[in-house]
Amino acid sequence: MTGSESLSTLAVGTAGARVAFLHGLFGQGRNWTQIAKAIAGPDGAAAQCLLVDLPDHGRSPWTQEFSYETYAQRVAATLAATAPGEPWVLVGHSLGGKVAMVTALTNPELVRSLVVVDIAPKDYGDLDRFVHYIEAMRSLPLAELTGRADAQDRFAQVEPDAGVRGFLLQNLRRRGDTWGWQANLELIAADAALGQGSRIADFPELGAPPYDGPVVWLVGGDSGYVRDEDTEQMRALFPRARPVVVKGAGHWVHSEAPEVVIETLRRVLRALPAA
């Protein structure tokens, strides 16, 4: 990816505070559409939301090597170009949560408030929890597909969970007479193959000062991605972090408990100081 290549985005809302959403691994900005529409309001005047496709995802350009610093630089450049001189409320889930944290630490002037959804600033060790998804996607014979229904039928043979199937297949796109993955599957597979050396599972040592803005740390009560012992490191980097545990929700907090996430974001917006 070159410096001139911007990230693909979708705008929701026409007035109010600037809010940017960053998705998780294999996701896309549009995964946050329901939440963005809700906080923008029926007339779109309550918030100006930007749904961002991270590098190697959705319609954004691919990179040659994964790097949280590079992802954060691209996000920062996209936000600065969208609204020059304006700070943002930055919301990130999972992979996007780590990118959001790195963006806040390296470009604090761009981030007026941070919402981190079900992820901690730590090394998770490996991408083993994603290896099945990667193998399922790589096993789909793209050259043989006759249509999306065919893809769904074939994918059901390797991924029985309908929700997971739909989430992963949103990455499948027709290009002329052929099919391909929008996500940079081979880059992610190569990172997963590193095992304990995975850079996606890790969190970078930035040497940056702590981010002193307000932080809401939304955690799925049934998730397991965030543990009590993660609080010390979170507070070291984000001293104003406030945990909010969403009971009954797993890792996909925004899809499993959208009402809670919407109300949390509305509170974040109400707490913003006047411009």
Side-chain angles (χ1 to χ4, degrees), residues 19-25 27 32 35 54 67-69 71-72 75-76 87-130 196-273:
V19 186
F21 293 89
L22 308 182
H23 58 80
L25 192 65
W32 283 95
I35 306 293
L54 291 173
S67 162
Y68 277 111
E69 293 92 331
Y71 273 39
V75 168
W88 293 74
V89 175
L90 190 54
V91 184
H93 169 249
S94 200
L95 168 71
K98 285 188 173 182
V99 176
M101 288 189 279
V102 174
T103 304
L105 290 167
T106 55
N107 297 271
E109 73 287 350
L110 270 178
V111 183
R112 64 192 304 195
S113 186
L114 183 65
V115 180
V116 178
V117 184
D118 208 58
I119 202 73
K122 68 175 183 180
D123 183 1
Y124 281 80
D126 53 51
L127 286 187
D128 284 0
R129 59 179 62 81
F130 290 97
Q196 294 289 322
S198 164
R199 298 180 73 179
I200 296 175
D202 202 359
F203 190 82
E205 292 284 346
L206 299 169
Y211 171 74
D212 62 3
V215 179
V216 173
W217 194 15
L218 265 177
V219 177
D222 296 341
S223 168
Y225 269 72
V226 176
R227 303 187 180 279
D228 290 343
E229 57 266 28
D230 298 330
T231 301
E232 182 178 357
Q233 175 64 5
M234 187 68 172
R235 288 267 166 75
L237 295 175
F238 305 95
R240 295 176 64 187
R242 179 172 64 90
V244 176
V245 178
V246 183
K247 294 182 179 179
H251 184 53
W252 298 94
V253 184
H254 52 301
S255 60
E256 296 176 31
E259 298 84 1
V260 176
V261 176
I262 290 165
E263 181 54 33
T264 300
L265 291 176
R266 285 173 174 160
R267 290 179 181 177
V268 167
L269 295 179
R270 287 197 293 267
L272 293 174

Pairwise side-chain contact, W217 with V226, heavy-atom cut-off 4.5 Å (strictly under): yes
Grab the two heavy atoms, one from P121 and one from L237, that are nearest each other, plus how far apart they are. CB-CD1, 3.8 Å
Any pair with a residue in residues 105-128 that passes ring pair (Phe, Tyr, Trp, His ring centres under 6.0 Å), sequence neighbours left out, goes on the list, sorted by first then second residue, please. Y124-Y225
Yes or no on side-chain contact (heavy atoms from CB on, under 4.5 Å) for M101 and I119, after CA distance, side-chain angles and deciding distance? CA-CA 10 Å; M101 288 189 279; I119 202 73; 3.9 Å; yes
Tightest non-hydrogen contact, residues A257 and A249, listed as CB-CB, 4.4 Å
State, with a plain yes or no, whether a side-chain heavy atom of W88 is found less than 4.5 Å away from one of T103. no
More than 12 heavy atoms of other residues, nucleotides or ligands under 6.0 Å from CZ of R227: yes or no? no
Quick one, S113 and L272 - any side-chain contact, counting heavy atoms below 4.5 Å? yes
Verify the neighbour count for atom CD of E229: are there more than 12 heavy atoms of other residues, nucleotides or ligands below 6.0 Å? yes
Working to the nearest 0.5 Å, report the span between CG of L218 and OG1 of T264. 4.5 Å
Below 4.5 Å, heavy atoms only, C-beta onward: do D222 and E256 meet side chain to side chain? no
Output, in order, the C-alpha distance, side-chain angles, deciding distance and verdict of side-chain contact (heavy atoms from CB on, under 4.5 Å) for D118 and W252. CA-CA 8 Å; D118 208 58; W252 298 94; over 6 Å; no
Is E263 salt-bridged to R270, going by a charged N under 4.0 Å from an acidic O? yes
Under a 3.5 Å distance rule, please check whether Y71 uses its side chain to pair with a backbone N or O of L95 as donor and acceptor. no
V116 versus M234: any side-chain heavy-atom pair under 4.5 Å? yes
Using ring pair (Phe, Tyr, Trp, His ring centres under 6.0 Å) as the criterion, list what pairs up with H254, not counting sequence neighbours. W32, H93
Show the nearest heavy-atom pair for residues P239 and P210, with the distance to one decimal. CD-CB, 3.9 Å
Result of checking V115, I35, V268, V89 against V19 for side-chain contact (heavy atoms from CB on, under 4.5 Å): V89
For the atom pair CG (L22) and CG (L54), what is the distance rounded to the nearest 0.5 Å? 5.5 Å
Under the ring pair (Phe, Tyr, Trp, His ring centres under 6.0 Å) rule, collect the residues that match up with Y68, sequence neighbours excluded. F66
Note: L114 and A104 closest approach over all heavy atoms is CD2-CB, 4.1 Å
Are side-chain heavy atoms of P243 and R235 found at a separation under 4.5 Å? yes
The test is side-chain contact (heavy atoms from CB on, under 4.5 Å); show your working for K98 and I200 and say whether it passes. CA-CA 9 Å; K98 285 188 173 182; I200 296 175; over 6 Å; no
Could you check whether any side-chain heavy atom of F203 comes within less than 4.5 Å of a side-chain heavy atom of Q233, counting everything from C-beta outward? no
Looking at every heavy atom in both S255 and P258, which two are closest together, and how far apart are they? O-CD, 3.6 Å
I need the minimum non-hydrogen distance between S198 and L127, along with the two atoms involved. OG-CG, 3.6 Å
